[in-house]
Engineer: 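Below you'll find the structure I mean.
Lettering of chains follows the sequences in order, A, B, ..., and the numbering in each one begins at 1.
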Number of protein chains: 2
Amino acid sequence: MTLQMTGRLAAEDRTELGDLCPIERASELVARRSTVLLLREASYGTARFDDFVRRTGLTESVTAAQLRTLVTEGLMVKQPYREPAQRQRFEYVLTEAGHDFVPILLALASWGDRHRPRPHRLRMVHAGCGAAVEVEVRCANGHVVGDDDVTVALRSRQRAATD
Amino acid sequence: MTLQMTGRLAAEDRTELGDLCPIERASELVARRSTVLLLREASYGTARFDDFVRRTGLTESVTAAQLRTLVTEGLMVKQPYREPAQRQRFEYVLTEAGHDFVPILLALASWGDRHRPRPHRLRMVHAGCGAAVEVEVRCANGHVVGDDDVTVALRSRQRAATD
DNA sequence: CGCCTGACTTGCGTTTTGCGTAGTCAGGGT
DNA sequence: ACCCTGACTACGCAAAACGCAAGTCAGGCG
């Protein structure tokens with residue numbers, strides 16, 4: 001699959017487009033091993049600090065720091081909670097933005113499953129039927145987007161402001 | 001969307017599962033800003049060294065180093081080519097593994113588009129109809145996978161070897 | 001034959017990321 | 001009143017990632 005740039009975009013230096021590119025803005029988060037691991041664990045339902053540390057293998061300091069940035073970035077919220085007959089604790093839960101990150105993780109999983117030869121023994125399956133989960137590229141009109149069907153377009157300034 | 005761990009996976013420390021997890025193996029590549037940028041440019045059709053440098057804003061040394069690892073990781077190949085009346089040059093082109101990376105980029109783009117408030121003016125659209133491109137999670141049987149429909153399963157050792 | 005250009009490499013400093021270890025701190029249980 | 005535990009913070013250090021600047025090298029042009 002390739003992406004076609006239209007019009008003047010094709011020739012332009014992308015440097016100045018920097019924060020106009022949604023990939024670049026999103027990958028600021030992914031560009032750290034720790035955040036991917038933490039988001040993975042959070043998607044698995046992990047909520048407590050200690051569990052994040054234990055299950056990711058990250059150190060406490062890294063975990064604390066990255067959880068904090070994930071909270072300030074709006075992917076998680078830190079909430080007080082209380083188990084019966086226990087004192088009050090804090091838990092980290094995914095926000096909507098955090099939940100929306102899961103397709104990225106699944107896309108990574110799908111790629112890793114296909115292209116990394118070493119046998120991973122974890123697979124993501126559909127709870128309903130047990131078949132492997134895949135990410136499919138479609139457009140808002142429901143068409144399946146094929147290999148050369150993606151165009152990168154420059155949004156007009158007006159629409160960008162209101163969108 | 002959340003991922004449900006089954007059986008003993010739920011309790012297990014994931015540390016030892018390390019290279020069993022396809023997300024972790026795939027994110028070794030993504031965990032660098034430079035690789036994401038280079039793969040993005042390559043998906044846009046960039047092939048020449050200088051263009052990678054100019055369009056990503058990375059330094060030459062970083063570009064050279066990361067292109068090399070992308071080649072050894074099997075996401076790109078370095079091929080000689082010759083423009084008419086020019087001397088022989090080298091170009092970097094995506095392999096199948098590299099092309100298969102595009103859905104990850106689109107998933108990132110889709111997330112960035114939705115959850116980063118600053119107006120990005122770049123959008124990915126379906127060349128056929130102009131509608132925005134989205135990534136959809138489906139299972140191999142074609143069912144749309146909903147919010148709580150993903151299960152993480154442990155593959156048996158036999159199947160893992162042949163799969 | 002010397003110069004230019006594209007494609008790198010080399011060297012150096014800075015920042016970020018991460019590990020390891022130790023210390024803190026608040027709330028509950030005993 | 002004291003201890004324990006979960007949830008951190010605070011060093012100090014190593015490695016990786018990135019930037020800046022300069023140097024190299026091969027092939028073609030004039």
Side-chain angles (χ1 to χ4, degrees), chain A residues 11 13-16 18-19 24 27-42 46-73 76-93, chain B residues 11 13-16 18-19 24 27-42 46-73 76-93:
Chain A
D13 288 4
R14 254 77 96 188
T15 318
E16 300 137 36
D19 60 296
E24 199 155 341
S27 67
E28 286 166 17
L29 290 170
V30 198
R32 276 173 295 245
R33 194 173 67 98
S34 52
T35 35
V36 177
L37 293 178
L38 289 171
L39 286 170
R40 181 195 66 182
E41 286 308 320
T46 301
R48 284 177 40 187
F49 184 84
D50 257 35
D51 288 335
F52 279 115
V53 171
R54 201 163 39 83
R55 293 180 177 161
T56 59
L58 296 169
T59 58
E60 296 175 356
S61 43
V62 171
T63 306
Q66 296 303 328
L67 282 177
R68 213 178 306 135
T69 76
L70 284 171
V71 168
T72 62
E73 293 285 345
M76 289 188 182
V77 280
K78 184 180 176 181
Q79 298 181 334
Y81 78 108
R82 171 182 296 265
E83 283 177 6
Q86 289 284 319
R87 81 194 219 213
Q88 171 176 312
R89 297 268 157 67
F90 290 95
E91 62 178 353
Y92 295 88
V93 281
Chain B
D13 289 4
R14 254 77 96 188
T15 318
E16 300 135 37
D19 59 296
E24 200 154 339
S27 68
E28 286 166 17
L29 290 170
V30 199
R32 275 173 295 243
R33 194 174 65 99
S34 52
T35 33
V36 178
L37 294 178
L38 290 171
L39 285 170
R40 181 196 66 182
E41 285 308 319
T46 301
R48 283 177 41 186
F49 184 84
D50 257 34
D51 289 334
F52 279 115
V53 171
R54 202 164 37 85
R55 292 180 178 162
T56 59
L58 297 169
T59 57
E60 296 173 356
S61 43
V62 171
T63 306
Q66 295 305 326
L67 283 176
R68 213 178 305 136
T69 76
L70 284 171
V71 168
T72 63
E73 292 285 345
M76 287 187 182
V77 280
K78 185 180 177 180
Q79 298 181 336
Y81 79 106
R82 171 181 296 265
E83 282 177 3
Q86 289 285 320
R87 81 197 219 212
Q88 172 176 312
R89 298 267 157 70
F90 290 94
E91 63 179 353
Y92 296 87
V93 281

Engineer: Are A:Arg89 and D:dG6 close enough that a side-chain N or O sits under 4.0 Å from OP1 or OP2?
Structural biologist: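 No, because none of the side-chain N or O atoms of A:Arg89 sits under 4.0 Å from OP1 or OP2 of D:dG6.
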Engineer: Do A:Val62 and A:Thr56 make a side-chain contact, defined as non-hydrogen atoms from C-beta onward lying under 4.5 Å apart?
Structural biologist: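 When only atoms from C-beta onward are counted, A:Thr56 and A:Val62 do not touch, as no gap falls below 4.5 Å.
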Engineer: In whole angstroms, how far is the C1' atom of C:dA7 from the CD atom of B:Glu91?
Structural biologist: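 Interatomic distance, CD of B:Glu91 to C1' of C:dA7: 14 Å.
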Engineer: Nearest to the A:Val62 side chain among C:dT10, C:dG18, D:dA7, which nucleotide is it?
Structural biologist: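 The answer is C:dG18.
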Engineer: Whole angstroms only, please: what is the CZ-P distance between B:Arg68 and C:dC8?
Structural biologist: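 Rounded to the whole Å, the gap is 9 Å.
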Engineer: A:Asp50 has an atom CG; how far is it from atom P of D:dC8, in whole Å?
Structural biologist: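 For the pair A:Asp50 CG and D:dC8 P, the rounded distance is 9 Å.
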Engineer: Using a cut-off of strictly less than 4.0 Å, decide whether A:Arg48 has a side-chain nitrogen or oxygen near OP1 or OP2 of D:dA7.
Structural biologist: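 So the side chain of A:Arg48 is within the cut-off, an N or O lying under 4.0 Å from OP1 or OP2 of D:dA7.
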Engineer: Ignoring hydrogens and angles, tell me if any N or O in the side chain of B:Thr35 forms a donor-acceptor pair with the backbone of B:Leu29 under 3.5 Å.
Structural biologist: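 Flag set: sc B:Thr35 to bb B:Leu29 pair under 3.5 Å.
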Engineer: Please give, in whole Å, the distance from C:dC8 C1' to B:Leu58 CG?
Structural biologist: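 Taking atom C1' of C:dC8 as the reference, CG of B:Leu58 is at 15 Å.
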Engineer: Answer with base, sugar-phosphate or nothing: what part of the nucleic acid does A:Tyr92 contact at a heavy-atom distance below 4.0 Å?
Structural biologist: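 The residue A:Tyr92 makes sugar-phosphate contact but no base contact.
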Engineer: Select one nucleotide: of D:dC18, D:dA7, D:dA22, the one nearest the side-chain heavy atoms of B:Gln66.
Structural biologist: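 Selected nucleotide (nearest to the side chain): D:dC18.
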Engineer: Indicate whether OP1 or OP2 belonging to C:dT15 is found under 4.0 Å from a side-chain N or O atom of B:Arg33.
Structural biologist: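 For B:Arg33, the contact criterion (side-chain N or O under 4.0 Å from OP1 or OP2 of C:dT15) is not met.
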Engineer: Hey, does the side chain of A:Tyr81 come within less than 4.0 Å of D:dG6's phosphate (OP1/OP2), counting only N and O?
Structural biologist: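 A:Tyr81 to D:dG6 OP1/OP2: no side-chain N or O under 4.0 Å.
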Engineer: Starting at atom CG of A:Asp51, determine the distance to atom P of D:dC8, rounded to an integer number of angstrom.
Structural biologist: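 Answer to the nearest Å: 12 Å.
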Engineer: Tell me the interatomic distance from B:Glu60, atom CD, to C:dG11, atom P, rounded to whole angstroms.
Structural biologist: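 Checked: the CD to P distance equals 16 Å.
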Engineer: Please state how far atom CZ in A:Phe90 lies from atom P in D:dT9, giving the value in whole angstrom units.
Structural biologist: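 From A:Phe90 CZ to D:dT9 P: 12 Å.
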Engineer: Rounded to whole Å, how long is the line connecting atom CZ of B:Phe49 with atom C1' of C:dA7?
Structural biologist: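 Whole-Å distance recorded here is 6 Å.
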Engineer: Is the side chain of B:Thr46 donor-acceptor paired with the backbone N or O of B:Ala42 at a distance under 3.5 Å, no angle test?
Structural biologist: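 Side chain of B:Thr46 to backbone of B:Ala42, a donor-acceptor pair under 3.5 Å: no, none is there.
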Engineer: Determine the contact category for B:Thr63: base if any of its heavy atoms lies under 4.0 Å from a base atom, sugar-phosphate if only primed atoms, P, OP1 or OP2 are that close, otherwise nothing.
Structural biologist: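 No contact.
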Engineer: Can you tell which of C:dG20, D:dG19, D:dA7 lies closest to the side chain of A:Ser61?
Structural biologist: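 Ranking C:dG20, D:dG19, D:dA7 by closest atom to the A:Ser61 side chain puts C:dG20 first.
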Engineer: Does OP1 or OP2 of D:dC18 have a side-chain N or O of B:Ser34 closer than 4.0 Å?
Structural biologist: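 Result: yes.
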Engineer: Do A:Leu58 and A:Arg33 have side chains that get closer than 4.5 Å, going by heavy atoms?
Structural biologist: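 Yes, at least one pair of side-chain atoms sits under 4.5 Å.
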Engineer: Shortest non-hydrogen contact from B:Glu60 to B:Phe49?
Structural biologist: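 Smallest interatomic distance, heavy atoms only, reads O-CZ, 3.6 Å.
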